[in-house]
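Just so you know, these numbers use all the heavy atoms, side chains as well, and skip hydrogens, waters and symmetry mates. Every chain is numbered from 1, with letters handed out A, B, ... down the list of sequences.
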2 protein chains.
Amino acid sequence: MDRFLSNTINKVDKKGRVSIPASFRPILGNTSRLYILSSVDQPTVDAGGVELIERKEQQLERMDPFSEDYELYSFVLHGDSTELKIDGEGRVVLSDLIREQTGITDRAAFVGRGHFFQIWEPERFRAYREEARKKVAEMRRAKSGGAQLGAGGGANGGVAAGQGEQNT
Amino acid sequence: MDRFLSNTINKVDKKGRVSIPASFRPILGNTSRLYILSSVDQPTVDAGGVELIERKEQQLERMDPFSEDYELYSFVLHGDSTELKIDGEGRVVLSDLIREQTGITDRAAFVGRGHFFQIWEPERFRAYREEARKKVAEMRRAKSGGAQLGAGGGANGGVAAGQGEQNT
DNA sequence: AATTTGCCCATGATATCCCATAAATTAAGC
DNA sequence: GCTTAATTTATGGGATATCATGGGCAAATT
């Protein structure tokens with residue numbers, strides 16, 4: 001249990017509180033603080049422990065300082081970050097900043113991203129997720145030239161394609 | 001016995017639990033954690049130990065962290081994965097995520113794939129398997145220009161052996 | 001005084017643990 | 001080679017333990 005995985009949708013109560021998924025809590029450590037960074041590309045925020053900020057700063061340093069991306073990243077990183085307090089039940093109060101950034105009202109989707117997680121407005125998450133899956137599927141198809149069975153990650157399945165639809 | 005072989009169909013009980021085939025358990029090691037990755041191509045999920053995720057993360061690290069591909073791949077990898085707890089009897093409860101992805105309701109097919117295994121809705125597995133066989137046969141025919149050797153009726157090219165039903 | 005914010009407790013719904021049992025595979029014995 | 005005893009499995013169910021969620025209340029803000 002050392003990375004943020006899976007996704008869950010939790011309710012935001014009248015006081016603006018949401019439960020951080022229980023499976024995410026231990027990964028954050030013993031802290032009672034949750035760090036939040038706005039995403040520049042999507043209507044979501046990144047969340048995690050302090051190391052999240054550090055990591056992002058390191059990323060920033062690796063970017064071209066004259067690019068527009070750098071400017072944006074830098075601006076958002078230092079300007080739009082927040083620190084939330086985690087209460088005894090593992091909840092946080094979503095700030096106005098987060099609401100504006102994500103569009104969240106009464107429900108929030110928590111999405112594991114490995115060393116951090118994201119908080120989305122459920123509907124937007126659903127849409128983006130679908131799109132992402134579709135694109136990854138295309139990516140995979142392009143790479144393997146169509147000969148792929150299963151998502152074995154380098155697996156040597158050795159069997160020809162076969163499309164098989166997603167769900168029903 | 002160090003790779004996942006063969007396939008079995010087990011029942012999902014009212015609580016949503018399924019037994020992981022006993023022959024698969026020792027291969028997972030001493031863990032009580034089963035990692036699940038959903039396939040973007042087929043209505044199935046890949047299952048295995050942490051290595052399964054780590055392997056994919058290594059692929060990620062070889063990509064450009066600022067590319068859209070990286071973003072999408074990471075999003076799907078971490079956001080659509082799950083970690084299931086294996087109980088004392090070697091069972092796991094299938095999450096909603098898995099149900100949606102696979103279409104599983106009351107029975108689940110466990111299919112060995114070497115260094116990981118898959119979980120399918122039995123009917124879909126049967127259908128996909130047949131299709132896969134057919135394509136393998138075609139592939140072979142195409143390659144050999146019609147001259148085949150030892151590709152007799154019962155041969156099941158490349159796909160895990162065994163009948164759709166448990167033992168026989 | 002009227003809101004917020006932080007802390008504590010309550011509760012229904014799941015999830016997890018533990019024990020029971022029948023089916024089935026393996027080992028043992030004849 | 002068969003038949004039976006001994007072990008594993010798969011599966012079920014009850015008893016707890018966790019979790020998400022709601023509400024109360026008092027200290028801190030405004």
I'd like to know if the side chain of B:N10 and the backbone of B:S19 have a donor-acceptor N/O pair within less than 3.5 Å.
yes
Expressed in angstrom and rounded to an integer, what is the separation of [X] atom [atom1] from [N] atom [atom2]?
X: B:R99; N: C:dT14; atom1: CZ; atom2: C1'; answer: 13 Å
X: B:I20; N: D:dT11; atom1: CD1; atom2: P; answer: 13 Å
X: B:R17; N: D:dG13; atom1: CZ; atom2: P; answer: 9 Å
X: B:N10; N: C:dA24; atom1: CG; atom2: C1'; answer: 13 Å
X: A:L34; N: C:dT5; atom1: CG; atom2: P; answer: 16 Å
X: A:N7; N: D:dA20; atom1: CG; atom2: P; answer: 14 Å
X: B:D87; N: D:dT18; atom1: CG; atom2: C1'; answer: 16 Å
X: B:I86; N: D:dT9; atom1: CD1; atom2: C1'; answer: 15 Å

Between [options], which nucleotide gets closest to the side-chain atoms of [X]?
X: B:K14; options: D:dT11, D:dG13, D:dA20; answer: D:dG13
X: B:S19; options: D:dG24, D:dT21, D:dA10; answer: D:dA10
X: B:K11; options: C:dC8, D:dA10, D:dG12; answer: D:dG12
X: A:R25; options: D:dA10, C:dT16, D:dA20; answer: D:dA20
X: B:E89; options: D:dT11, C:dC8, D:dA20; answer: D:dT11
X: B:K85; options: D:dT21, C:dT16, D:dT9; answer: C:dT16
X: B:K15; options: C:dT16, D:dT21, D:dT11; answer: C:dT16

Salt-bridge test for B:E54 and A:R3: reply yes if a basic N is under 4.0 Å from a carboxylate O, no otherwise.
yes
Could B:K134 and B:E131 be called an ion pair, given the rule that one side-chain N must be under 4.0 Å from one carboxylate O?
no
For the residue pair A:K56 and A:F116, would you count it as a cation-pi contact if the rule is NZ or CZ under 6.0 angstrom from the ring centre and within 45 degrees of the ring axis?
yes
Remember a base hit wins even if backbone is also touched, and classify A:D13 as base, sugar-phosphate or nothing at under 4.0 Å, heavy atoms.
sugar-phosphate
Within the 4.0 Å heavy-atom criterion, would you say A:L84 contacts the bases, only the backbone, or no part of the nucleic acid?
nothing
Using the ring of each side chain (for Trp, its six-membered ring), is B:F75 parallel, tilted or perpendicular to A:F125, with breaks at 30° and 60°?
tilted
Would you say the base of D:dG12 and the side-chain of B:R91 have a donor-acceptor pair closer than 3.5 Å?
yes
